[in-house]
Number of protein chains: 2
Amino acid sequence: MADLIYRKIINDIKNRIFDNEFQNNKLPDERSLSESYQVSRSTIKRALNILAQQGVVFKKRGSGTFVNPLYLKNQSLFQYEGNNLGVTDNISTAGQESTIKLLDYQVTPASAEIQQNLFLNENEFVYQIKRLRLIDGKPIIIETGYIPIKLAPELSPDTVRESIFNYIDDKEHKRVSKSFMSIMTEPSTKEDQELLNLSTNEPVGIMSGTFFLDDGTPFEFSTMRVHYQYLNYNTFINLNAD
Amino acid sequence: MADLIYRKIINDIKNRIFDNEFQNNKLPDERSLSESYQVSRSTIKRALNILAQQGVVFKKRGSGTFVNPLYLKNQSLFQYEGNNLGVTDNISTAGQESTIKLLDYQVTPASAEIQQNLFLNENEFVYQIKRLRLIDGKPIIIETGYIPIKLAPELSPDTVRESIFNYIDDKEHKRVSKSFMSIMTEPSTKEDQELLNLSTNEPVGIMSGTFFLDDGTPFEFSTMRVHYQYLNYNTFINLNAD
DNA sequence: AAGTGGTCTAGACCACCGT
DNA sequence: CGGTGGTCTAGACCACTTG
């Protein structure tokens, strides 16, 4: 994985940025980099394009490639890189204790909305799994998920008390790698207030959407109602995103 | 702009997908596409990579390239493509009337937090601009923005009653093309409730972050408090994002 | 074994920026 | 004008999937 040339160059350039190795925040031009790394210019361009996409550097035609000053000042913000999915299944808890309480587990016919979102035909069945996620004992997220039984026929209540995505990776050799999510907010319902310890004027954040396997199969439709103090979604938007 | 070969191929393939031209949702292999479009395989790969990044197709090494079924079923969701920034300045109002009410306009020394976010030195000054955005007469967003005076010395109250980004594009030939934003939610404050017509238990969505110019200069630090029924942020997450 | 996407090369030519 | 990044080519070789 990490033995790809362009990945090694990306990491090396990130390190050199962090070590403040570039004067005026200006990187050497692509032809020089190609020379010094002993690779083709195309490979340098590939590495720099990815760094630009991540917001680490800015490229300006005719002038050169420059370090994003914010990457130096506030590098922690950029750690979201490639880890946004973990937010949901394997909650990124930075060392804190994450536990799951199973609230509901059943198999039902897929409703029209679920059929739509999971690309199912009529008469197909799904698991309906409702879980409460706690971090350090504090309830944070009420998560309701729907998974086609045909995609994980061996699922069990014991399994869903832990990471479902890890399970299907290990046991079914399927991997979730894409998702399409909507982020919204709403006043909390009675149930939210009870489960998440909210008062009536405190809201929930809502992340709702579909998770896909590598091959494009919709795997799960999930709605997460998040304690408002714990919803913090960071995103880097790049309009030059080809 | 649109006369680039890879862009034309992207558009053409999207049209062919929409016209249901591919059997089994499977695209021709890259070598055939290269032949039929009379371009190199590299250019085909470039087009397909971008489509994969956008979630329009899925590529599977060894088997082929496939249409994302959700792209067909629910194409409207994918219209977010490359238009997320517009959410903020030029609100994407789909034909509805968007107006701005100026609440506050002054020049002040940059606070420590603003200095940090806009990469300013001490003793630098910023515009502080507070605006209420209405759509079809309904108040939707309270937006507080900070812009270094040195980046837009000619700004005036009249200007900020309209799109600031359009202004600096037209007059200063600077273009905002990137942003780093956080999305959160909070109970509404008294002021939120008054300005946005909310009751006490109704929350606001918060989008807060920095907008950058093409060359990486931080241009504006902005916090938007959004009527909860109007915050809907759609995002496609791809863990294989190189 | 055949088919398919992934990585990498070496180089031509173009478009934009600054001196 | 020289320097810089952007686009595109033509092809070699590798890695994975499927029959």
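Only this structure's heavy atoms are used, side chains among them; waters, hydrogens and symmetry mates stay out. Chain identifiers are assigned alphabetically (A, B, ...) following the order of the sequence lines, protein sequences preceding nucleic acid strands; residue numbering begins at 1 within each chain.
Between the side chains of A:Asp12 and A:Tyr37, at least one donor-acceptor pair of N or O atoms lies under 3.5 Å.
In this structure, the CZ atom of B:Arg7 is 12 Å from the P atom of D:dG6, given to the nearest Å. As rounded to whole Å, 19 Å separates atom P of C:dT7 from atom OH of A:Tyr37. Atom CG of B:Leu48 and atom C1' of C:dG6 are 13 Å apart (whole Å). Following rounding to the nearest Å, B:Asn49 (CG) and D:dT7 (C1') show an atom-to-atom distance of 15 Å. Following rounding to the nearest Å, A:Leu4 (CG) and C:dT9 (P) show an atom-to-atom distance of 12 Å. In this structure, B:Glu35 atom CD and D:dA10 atom C1' are separated by 13 Å, rounded to whole Å. Going from atom CD of B:Gln53 over to atom P of C:dG6 covers 13 Å, rounded to whole Å. The separation between A:Lys8 atom NZ and C:dT7 atom C1' is 13 Å, rounded to whole Å.
The nucleotide whose nearest atom lies closest to any side-chain atom of A:Arg46 is, among D:dG6, D:dC8, C:dT7, C:dT7. Taking the side chain of A:Thr43 as heavy atoms from C-beta on, and the options C:dC8, D:dT9, C:dG6, the nearest nucleotide is C:dC8. Comparing D:dC8, C:dG6, D:dT7 by their closest approach to the side chain of A:Lys45 singles out D:dT7. Relative to the side chain of B:Glu30, the nucleotides D:dT7, C:dG5, C:dA15 differ in distance, and C:dG5 lies closest. Taking only side-chain atoms of A:Asp29, from C-beta outward, the nucleotide of D:dC16, D:dG5, D:dC8 with the closest atom is D:dG5. When the nucleotides D:dT9, D:dA12, D:dA15 are ranked by their closest atom to the side chain of B:Ser42, D:dT9 comes out on top.
One can find a donor-acceptor pair under 3.5 Å joining the base of C:dG5 and the side-chain atoms of B:Arg41.
Comment: B:Asp19 does not engage B:Arg16 in a salt bridge, judged by the lack of any side-chain N to carboxylate O separation of less than 4.0 angstrom.
Overall bending of the helix from C:dA1-D:dT18 to C:dG18-D:dC1, expressed as the angle between end axes built from five pairs apiece, is 10° (10° steps).
Using a 30° and 60° split on the angle between ring planes, B:Phe219 and B:Phe165 fall in the perpendicular class, above 60°. Aromatic ring pairs are classed by plane angle as parallel below 30°, tilted from 30° to 60° and perpendicular above 60°; the pair A:Phe212 and B:Phe58 is tilted.
Put simply, A:Tyr6 has no side-chain N or O that comes within less than 4.0 Å of OP1 or OP2 on C:dC8. A sub-4.0 Å separation between OP1 or OP2 of C:dG5 and a side-chain N or O of B:Ser63 is absent. Using a 4.0 Å cut-off, some side-chain N or O of A:Ser40 falls inside it from OP1 or OP2 of C:dT9.
Atom CD of B:Gln106 has more than 12 neighbouring heavy atoms from other residues, nucleotides or ligands inside a 6.0 Å radius. Heavy-atom contacts from other residues, nucleotides or ligands closer than 6.0 Å to CZ of A:Arg41 number more than 12.
Between the side chain of A:Arg46 and the backbone N or O of A:Arg7 there is no donor-acceptor pair closer than 3.5 Å. B:Ser34 places a side-chain N or O within 3.5 Å of a backbone atom of B:Val39 that can act as its donor or acceptor partner.
Nearer to the 5' terminus of DNA chain C, by closest-nucleotide assignment, is the contact made by A:Arg31 (compared with the other of A:Arg31 and A:Lys60).
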